[in-house]
Colleague: 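Dumping the structure here so I can ask a few things about it.
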Amino acid sequence: MTAGEVQTRYRVSGMDCASCAAKIEAVASRLDGVVEASLSVAAATLVVRHVSGADLSTLPGRLKPMGYGLALANAPPAHTPAPVSAPEACCGHDHGSELGSHGHGSHSHADHDHAGHDYSEHPDRTAPAARDDHAHGAELREGGLWSNGKLGLTLASGAAFAAAFLAGLILPQVQTPLFIAAMLVGLVPIARRALAAAAVGMPFTIETLMTIAAVGAVIIGAAEEAAAVVFLFLVGELLEGFAAGRARDGIKALAALVPTTALVAWGGDFVEVPAAQLAVGDTILVRPGDRIAADGAILAGEGGIDESMVTGESAPVTKGVGANVFAGTVNGDAALTVRVTATAEDNTIARVVKLVEEAQESRAPTERLIDRFSRVYTPAVVVIGALVATIPPLLMGVDWGEWVYKGLAILLIGCPCALVISTPAAIASGLSAGARRGLLLKGGAVLETAGKVTMVCLDKTGTLTEGRPKVTDVIGLALPDQHVLRLAAALEGGSSHPLAKAILDRAAAEGLTIPAARDGRALGGKGVTGLVEGRDVFLGSVAAGAARVALDPRIEVRLTGLNDEGKTVSLLIVDDTLAGAIAMRDEPRADAAAGLAALKTRGLRTMMLTGDNPRTAAAIGRALGIEVRAGLLPEDKQRIVSELKQMGEVVAKVGDGINDAPALAAADIGIAMGGGTDVALETADAAVLHGRVRDIAAMIDLSRRTMRNIRQNIGLSLGLKAVFLVTTVAGITGLWPAILADTGATVLVTANALRLLGDRSR
């Protein structure tokens, strides 16, 4: 957006067909001060970009006659909670779809020395409220058969058609007037919408085609077919709205993972409040079996967290004090006290839902092409129908009634609904399916591009590797292995350095008792030293250790071998004697080799781009079987990506979203994963939330399946129209099959797109 421009986002109701988008956008675009209007059928949202101060208040009124409702997307729900006295109700144990998760920052117990967060500190907030178990169940789903106001019109039209048919059997002389009356029951609202669209400069709408076809059928004496076609059209609208609603429900299900209430610390006790009212800093109680109501950090308690609905992993993850937990996951067998670190609007699931909705508002190149085509296609259909109705009678003297009938049928066959919805339905389903698996793609264009990738360039640290060093070798020389480890851990106690943490983690994993160190001090660039159990102990680099004690040539060879494997080696010297050595390395992710192999089996080249030293990078590269370019600065990575693109490669760059930002931007598609996920949600084209290398191949597979689905949808919609166009001109089919072909194609196209939501392949 340029300076002085703002965006307003609306929720749209009453949409049944993809052609609705063009009408709503056109009305919004004609308002003074509006720069651009973009409607996502899949997300049912309208985004209006306009100059600051533009008056949009007339927009809902202009759309209402056309059958559409409009409401600001950020309008708060009407809800007045009632106070409760005790937290007796239990949070639900509902289970939902899979979704990616990521942290919103690290919070430790030491950061929060309070036991609870008193609601009296928030005078602007509502008092704790009783749980309303019926709030969500009573909410009518947009796109559901029973939530659409057109259901009554459809039933009335059907009843009038049935009554006319039955009365005609008894009194044939009144059959035609009754069928005309039955037709008008459904056609009058349709014609009103057609006139409203024409008034804003859109004469070629599906309602216009229907009105012309129905009125024309009556004129040529086909009143019964006119009434049937109007009824079938209304039934088709309901089915199309239901099918489109199902596509939207895929992402709505994600939001349902978060419980509606939480037990929050208040006045020395825990009381139940709406989860939407939680603020950062609140302390909540999560009982065994409860679903966690907010992103947070554990203050007290330890237990297994079932994250299967979030990460797809079946085994619960054991978490204790200081660990991050995520909204929507299920607590296991121990009560947890959790400090809230993100509000309901900013928790993991809310951010993913927002990202996917915004992505659905971003149109794919194929979708834009189909939109442009349909704007020419619909008027062309009207012209062809008119020519079919008039040219044969005028030039060949054949019966006018027969050819006008065929021309009217062509109008119905030409309705562009199935064609226009073929791409957005598949894109929406693909984006939603990806989000449920932790694969976030920012829009249809990204989803399309992912399937065209030929080269994948990956960062090393935090992408192919865990991003933190681990102890790989403990070598006892003058002392046993475990003594070497416990003395090293004694010196590193309390340090936050990654290498120190690796040693402490290994000691804890082996259950060692760590002695206390005295007079500890760090020697800049060399290591640490101190007194442990009355002995002078030094832990540091090989070079610093060699300056203190002489190294046996055989030991030097062994240390060189560890260095060649990309490992960092620290020597432990006790009282001027080389006691042992500890080797550490940032190890590859558990699925890194399999993930790279999956990419290669799909015909993709892979390359590691890393700023790490060549020896370490080469060792990791050999272990994973990937080409390596090491010792690179950020601008070097960007240059290599650009060079690969110039060679004709379609490049995906995978990194942490921070240090790799220039290369991510230069690539055809930038994918962030691992530690940079939070940043990636704002900067990269796509994000792999679970940090699994194999998910890169899964993202490419999803793109390819989606594009196949789009091609199938376009072929299905155009193929059916071509078949019925030929059969209509040949006199084999008429108005009834024409409208069934249009409605049936739309439903089939949407149903085909919804298959992407059911794909559980990993």
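For the single chain, residues carry numbers from 1 onward in sequence order.
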Colleague: Any donor-acceptor pair under 3.5 Å linking the side chain of Ser157 with the backbone of Thr154?
Modeller: no
Colleague: Test Leu234 against Ile190 for side-chain contact (heavy atoms from CB on, under 4.5 Å), laying out the working first.
Modeller: CA-CA 9 Å; Leu234 293 174; Ile190 295 172; 4.0 Å; yes
Colleague: Sub-3.5 Å donor-acceptor pair from the side chain of Thr728 to the main-chain atoms of Phe724, do we have one?
Modeller: yes
Colleague: Decide yes or no for Val12 and Ile24: does some side-chain heavy atom of the first lie under 4.5 Å from some side-chain heavy atom of the second?
Modeller: yes
Colleague: Please check this pair: side chain of Arg30 against backbone of Ala26, looking for a donor-acceptor N/O pair closer than 3.5 Å.
Modeller: yes
Colleague: Would you give the length of the straight line joining atom CD1 of Ile427 to atom CG of Leu447, rounded to the nearest 0.5 angstrom?
Modeller: 4.5 Å
Colleague: Kindly say whether Glu649 contributes a backbone atom to a donor-acceptor pair with the side chain of Thr454 at under 3.5 angstrom?
Modeller: no
Colleague: Using every non-hydrogen atom in the two residues, find where Ser703 and Glu448 come nearest and quote the distance to one decimal.
Modeller: OG-O, 3.5 Å
Colleague: Counting C-beta onward and ignoring hydrogens, is there a side-chain heavy-atom pair between Leu31 and Arg62 closer than 4.5 Å?
Modeller: yes
Colleague: Looking at Ala652 and Ile671, what are the two nearest heavy atoms and their distance?
Modeller: CB-CD1, 4.3 Å
Colleague: State whether the side chain of Ser429 and the backbone N or O of Ala426 hold a donor-acceptor pair below 3.5 Å, judged by distance alone.
Modeller: no
Colleague: Give the ring-plane orientation class for Phe231 versus Phe161, where under 30° counts as parallel, over 60° as perpendicular and anything between as tilted.
Modeller: parallel
Colleague: Is there a side-chain contact between Met183 and Val218, using heavy atoms and a 4.5 Å cut-off?
Modeller: yes
Colleague: Within the 4.5 Å heavy-atom criterion, are Leu56 and Tyr10 side-chain neighbours or not?
Modeller: yes
Colleague: Is a donor on one side and an acceptor on the other found under 3.5 Å between the side chain of Asp685 and the backbone of Gly670?
Modeller: yes
Colleague: For a side-chain contact (heavy atoms from CB on, under 4.5 Å) check, start with the C-alpha distance between Leu387 and Trp403, then their side-chain angles and the critical distance, and finish with the verdict.
Modeller: CA-CA 10 Å; Leu387 293 175; Trp403 286 93; over 6 Å; no
Colleague: By side chain to side chain donor-acceptor pair (under 3.5 Å), which residues pair with Asp701, not counting sequence neighbours?
Modeller: Arg602
Colleague: Take a 6.0 Å sphere around NZ of Lys64 and say whether it holds more than 12 heavy atoms from other residues, nucleotides or ligands.
Modeller: no
Colleague: Side-chain contact test, heavy atoms from C-beta onward, threshold under 4.5 Å: evaluate it for Asn709 versus Asn752 and give yes or no.
Modeller: yes
Colleague: Any idea which heavy atoms bring Ala196 and Met66 closest together, and the distance?
Modeller: CB-CG, 3.5 Å
Colleague: Search all heavy atoms of Leu187 against all heavy atoms of Thr211 and return the closest pair with its distance.
Modeller: CD1-CA, 3.9 Å
Colleague: Report the distance from atom CG of Leu63 to atom CG of Leu46, rounding to the nearest 0.5 Å.
Modeller: 8.0 Å
Colleague: Just how far is it from atom CZ of Arg755 to atom CZ of Arg705, taken to the nearest 0.5 Å?
Modeller: 10.0 Å
Colleague: Between Val48 and Gln7, is the side-chain contact (heavy atoms from CB on, under 4.5 Å) condition met? List the steps.
Modeller: CA-CA 6 Å; Val48 180; Gln7 281 188 347; over 6 Å; no
Colleague: Does Asp668 reach the side chain of Lys645, with side-chain heavy atoms less than 4.5 Å apart?
Modeller: yes
Colleague: May I ask you to decide whether Glu402 forms a salt bridge with Lys406, counting only side-chain N to carboxylate O separations under 4.0 Å?
Modeller: yes
Colleague: Are Val650 and Met455 close enough, and set up right, to give a side-chain contact (heavy atoms from CB on, under 4.5 Å), and what steps lead you there?
Modeller: CA-CA 6 Å; Val650 179; Met455 180 84 183; over 6 Å; no
Colleague: About how many Å separate OG1 of Thr727 and CD1 of Ile732, when rounded to the nearest 0.5 Å?
Modeller: 6.0 Å
Colleague: Do the non-hydrogen side-chain atoms of His50 and Glu5 ever get within less than 4.5 Å of each other?
Modeller: no
Colleague: Going from OH on Tyr405 to CD1 on Ile410, what distance comes out if it is rounded to the nearest 0.5 angstrom?
Modeller: 12.0 Å
Colleague: Search all heavy atoms of Gly407 against all heavy atoms of Val388 and return the closest pair with its distance.
Modeller: N-CG1, 4.0 Å
Colleague: Locate the shortest heavy-atom distance separating Ile700 from Val456; write the atom from each residue and the value.
Modeller: CD1-CG2, 4.5 Å
Colleague: Would you compute the distance between atom OG1 of Thr706 and atom CG of Leu431 and round it to the nearest 0.5 angstrom?
Modeller: 7.5 Å
Colleague: Quick one: are Phe165 and Leu178 in side-chain contact, heavy atoms under 4.5 Å?
Modeller: no
